[in-house]
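Just so you know, these numbers use all the heavy atoms, side chains as well, and skip hydrogens, waters and symmetry mates.
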Amino acid sequence: MTLEEIKALDRQYIMPTYSRFPVAVDHGQGATVWDVEGKEYIDFTSGIGVNSLGYNHPLWTRAVSEQAAKLGHICNLFYSEPYVRAAERLCSRSGICNVFFANSGAESNEGMIKLARKYSFDRYGKGRGTVITLNKSFHGRTITTLAATGQEVFHNYFYPFTEGFRYADANDLDSVEEVAGHDVCAVMVELVQGEGGVLPLDQEFVRKLAQLCQKRDWLLLVDEVQTGIGRTGTLFAFQQYGIQPDAVSFAKGVAGGLPFGGVMAGEKCRDVFTAGTHGTTFGGNPVSAAAACQVLDLLDDDFLQGVREKGSYLREQIEGMDLPCLGETRGLGMMIGVEVRGERTNRELAEKLVENGLLILTAGQGLRLLPPLVITREEMDRGLAIMRETLGALT
């Protein structure tokens with residue numbers, strides 16, 4: 001099909017919830033994709049951080065194909081091997097006790113909120129279910145995770161939202177104390193606020209917040225949907241902050257392109273979910289779990305060191321461009337935000353870059369880079385050259 005044919009069917013049959021770029025991607029290899037007309041693009045998006053191993057990775061493809069031919073799905077009332085192997089890998093490398101498998105980031109965060117409220121109910125009874133989140137946070141698009149999101153722009157249309165959330169300023173412990181009360185059960189944070197603009201939290205703030213949570217018996221919930229699975233240069237971002245959360249959510253890159261996610265629980269709440277208190281039909285799907293095992297096996301220490309080095313290289317090269325429309329970079333590993341300056345919006349810059357062969361994202365008021373973790377130096381340099389030439393021509 002041509003781009004125009006695909007767009008026509010999209011207009012006719014798809015709800016218009018996405019403001020798409022005029023590109024119909026057909027296939028990919030590594031961190032390079034081609035559209036239906038054969039045009040080549042360097043991908044600095046990886047499906048919003050999902051395609052951690054890029055496109056057509058041979059080991060991932062083999063793992064998925066072999067498992068699909070063996071067992072595509074089975075009811076959660078029976079055991080299967082792939083999900084327990086994935087759980088073992090996640091828990092042994094994170095220091096966290098056990099895991100509940102879900103299908104998406106929002107669903108994982110819903111599960112983490114339920115875990116915190118049940119933990120508090122089991123210990124203290126009713127009336128202690130409020131979760132503090134941070135302004136500029138983003139935790140999902142379900143009714144509850146929208147309510148948890150600390151951005152007013154998302155608090156519209158879908159009333160009534162789920163109750164039980166209050167918002168504090170990032171990196172400001174006094175702000176957290178100000179909104180606290182006897183009804184609080186947990187604090188939920190992204191260690192790098194993704195949709196808010198790729199904003200890393202300060203180390204000292206996170207350390208003191210963890211101490212406050214321990215003192216008040218609030219659960220410290222870390223949303224690692226975007227930061228987890230090697231994206232920031234360690235398996236999970238919390239491993240760079242010197243803390244051990246009570247629960248961690250994950251999704252996006254864990255299965256390298258298939259729907260998969262979950263909640264990991266620490267010692268304090270490992271036994272909170274009991275039979276019948278939580279569930280999902282597709283959680284722990286064998287094909288997705290097999291894909292996750294392959295992703296996790298590849299993300300060893302040497303691989304993660306490479307992620308850190310690639311992220312540093314990209315940031316250094318972008319800051320060295322000295323373009324008037326771009327400012328400072330920020331982030332961890334290969335989760336990078338770039339400040340946009342001047343009269344042009346980040347969307348306008350992104351549209352020009354896509355037009356010239358570089359797929360890129362926006363976040364907050366800036367640009368956002370989430371390349372496949374396997375991207376090569378040659379692919380990075382080609383993408384950087386497009387950025388330099390395209391944005392340089394605008395000034």
Side-chain angles (χ1 to χ4, degrees), residues 16-23 25 31-33 35 39-49 134-138 149-156 169-172 190-202 226-227 231-232 310-372 375 377 379-395:
T17 58
Y18 301 104
S19 179
R20 303 186 200 273
F21 294 101
V23 177
V25 178
T32 305
V33 298
D35 67 15
K39 182 177 178 179
E40 182 180 291
Y41 301 81
I42 299 299
D43 182 15
F44 277 9
T45 75
S46 62
I48 315 184
L134 300 181
N135 291 317
K136 298 187 179 180
S137 64
F138 181 84
T149 292
Q151 298 187 58
E152 190 61 34
V153 66
F154 291 106
H155 300 160
N156 202 359
D169 293 335
N171 304 318
D172 186 344
E190 304 162 275
L191 295 174
V192 182
Q193 295 183 317
E195 301 294 332
V198 191
L199 308 170
L201 298 186
D202 292 343
Q226 192 166 152
T227 56
R231 174 56 54 187
T232 64
K310 291 173 186 179
S312 295
Y313 178 75
L314 286 169
R315 292 181 64 177
E316 290 168 2
Q317 293 298 308
I318 293 170
E319 292 190 349
M321 291 179 187
D322 195 28
L323 295 172
C325 62
L326 298 182
E328 295 181 349
T329 66
R330 54 183 175 262
L332 288 176
M334 293 177 71
M335 183 175 180
I336 300 170
V338 186
E339 180 186 4
V340 169
R341 296 175 175 173
E343 297 181 357
R344 295 181 185 269
T345 66
N346 56 356
R347 175 73 187 196
E348 290 173 319
L349 297 187
E351 288 173 348
K352 287 292 184 182
L353 291 168
V354 171
E355 180 181 326
N356 288 323
L358 177 64
L359 305 186
I360 200 164
L361 299 164
T362 60
Q365 303 302 312
L367 298 175
R368 176 172 40 156
L369 283 63
L370 300 172
I375 193 170
R377 177 65 68 92
E379 288 171 319
M380 288 191 290
D381 286 342
R382 285 163 58 197
L384 291 165
I386 294 170
M387 182 179 290
R388 185 181 299 106
E389 293 165 11
T390 300
L391 301 184
L394 298 178
T395 58

Quiz prompt | Heavy-atom closest pair, residues V354 and Y41 | solution = O-CE2, 3.3 Å
Quiz item: Looking at CD of Q151 and CZ of F138, how far apart are the two atoms once the value is rounded to the nearest 0.5 Å?
Solution: 8.0 Å
Quiz item: Should M334 and I375 be marked as a side-chain contact (heavy atoms from CB on, under 4.5 Å) after you check the CA-CA gap, both sets of side-chain angles, and the distance that decides it?
Solution: CA-CA 10 Å; M334 293 177 71; I375 193 170; 3.4 Å; yes
Quiz prompt | Check: E190 and Q226 side chains under 4.5 Å, non-hydrogen atoms | solution = no
Quiz prompt | Value rounded to 0.5 Å, distance of CG in L384 from CG in L358 | solution = 8.5 Å
Quiz prompt | Flag, side chain of E348 to backbone of T345, donor-acceptor distance under 3.5 Å | solution = yes
Quiz item: Roughly how far, to the nearest 0.5 Å, is the CG atom of L391 from the CG atom of L323?
Solution: 6.0 Å
Quiz item: G150 and S137: which non-hydrogen atoms are nearest, and at how many Å?
Solution: N-OG, 2.8 Å
Self-check item: Spatial distance of atom OG1 (T390) from atom CG (L353) [nearest 0.5 Å]
Solution: 5.5 Å
Exercise. Would you mind checking if E195 and R368 are paired as a salt bridge, meaning a charged N to carboxylate O distance below 4.0 Å?
Key: yes
Quiz item: Does T45 use its side chain to pair, donor to acceptor, with the backbone of L361 at less than 3.5 Å?
Solution: no
Quiz item: Hey, does D35 have a side-chain heavy atom less than 4.5 Å from the side chain of V25?
Solution: no
Quiz item: Which atoms form the tightest heavy-atom contact between F21 and I360, and what is the distance?
Solution: CE1-O, 4.3 Å
Quiz prompt | Short N-O contact, R330 and E328, less than 4.0 angstrom | solution = no
Exercise. Working to the nearest 0.5 Å, report the span between CE of M380 and NZ of K310.
Key: 6.0 Å
Quiz item: Taking the side chain as C-beta and beyond, is there a heavy-atom pair between L326 and M387 under 4.5 Å?
Solution: yes
Practice problem: Before accepting this row, confirm whether a basic side-chain N of the pair R347/E351 lies closer than 4.0 Å to the acidic partner's carboxylate O. | Solution: yes
Quiz item: Does G364 offer a backbone N or O that forms a donor-acceptor pair with the side chain of N346 under 3.5 Å?
Solution: yes
Practice problem: Take F44 and L314 through the test side-chain contact (heavy atoms from CB on, under 4.5 Å) and record every step on the way to the result. | Solution: CA-CA 11 Å; F44 277 9; L314 286 169; 4.2 Å; yes
Quiz item: Going by heavy atoms in the side chains, are L369 and I318 under 4.5 Å from each other?
Solution: yes
Quiz item: With a 4.5 Å heavy-atom cut-off, do L370 and I48 have their side chains touching?
Solution: yes
Exercise. For residues A31 and P372, report the shortest heavy-atom separation together with the two atoms involved.
Key: CB-CG, 3.8 Å
Quiz item: More than 12 foreign heavy atoms under 6.0 Å from CD of E319: is that the case here?
Solution: yes
Quiz prompt | For R231 against P371, the heavy-atom pair lying closest together | solution = NH1-O, 2.7 Å
Quiz item: Mind checking whether T232 and L191 have side chains closer than 4.5 Å, heavy atoms only?
Solution: no
Practice problem: Could you grab the distance from atom CD1 of I42 to atom CG of L359, nearest 0.5 Å is fine? | Solution: 9.0 Å
Practice problem: Would you please test Y313 and R377 for side-chain contact (heavy atoms from CB on, under 4.5 Å) and show each step? | Solution: CA-CA 9 Å; Y313 178 75; R377 177 65 68 92; 3.4 Å; yes
Quiz prompt | Donor-acceptor pair between T32 and E379 side chains, under 3.5 angstrom | solution = yes
Quiz item: side-chain contact (heavy atoms from CB on, under 4.5 Å) between L332 and T227: does it pass, once the steps are laid out?
Solution: CA-CA 9 Å; L332 288 176; T227 56; over 6 Å; no
Self-check item: Shortest non-hydrogen contact between G194 and A363, atoms and distance
Solution: O-CB, 3.4 Å
Quiz prompt | Heavy-atom check, side chain of L349 versus side chain of L394, under 4.5 Å | solution = yes
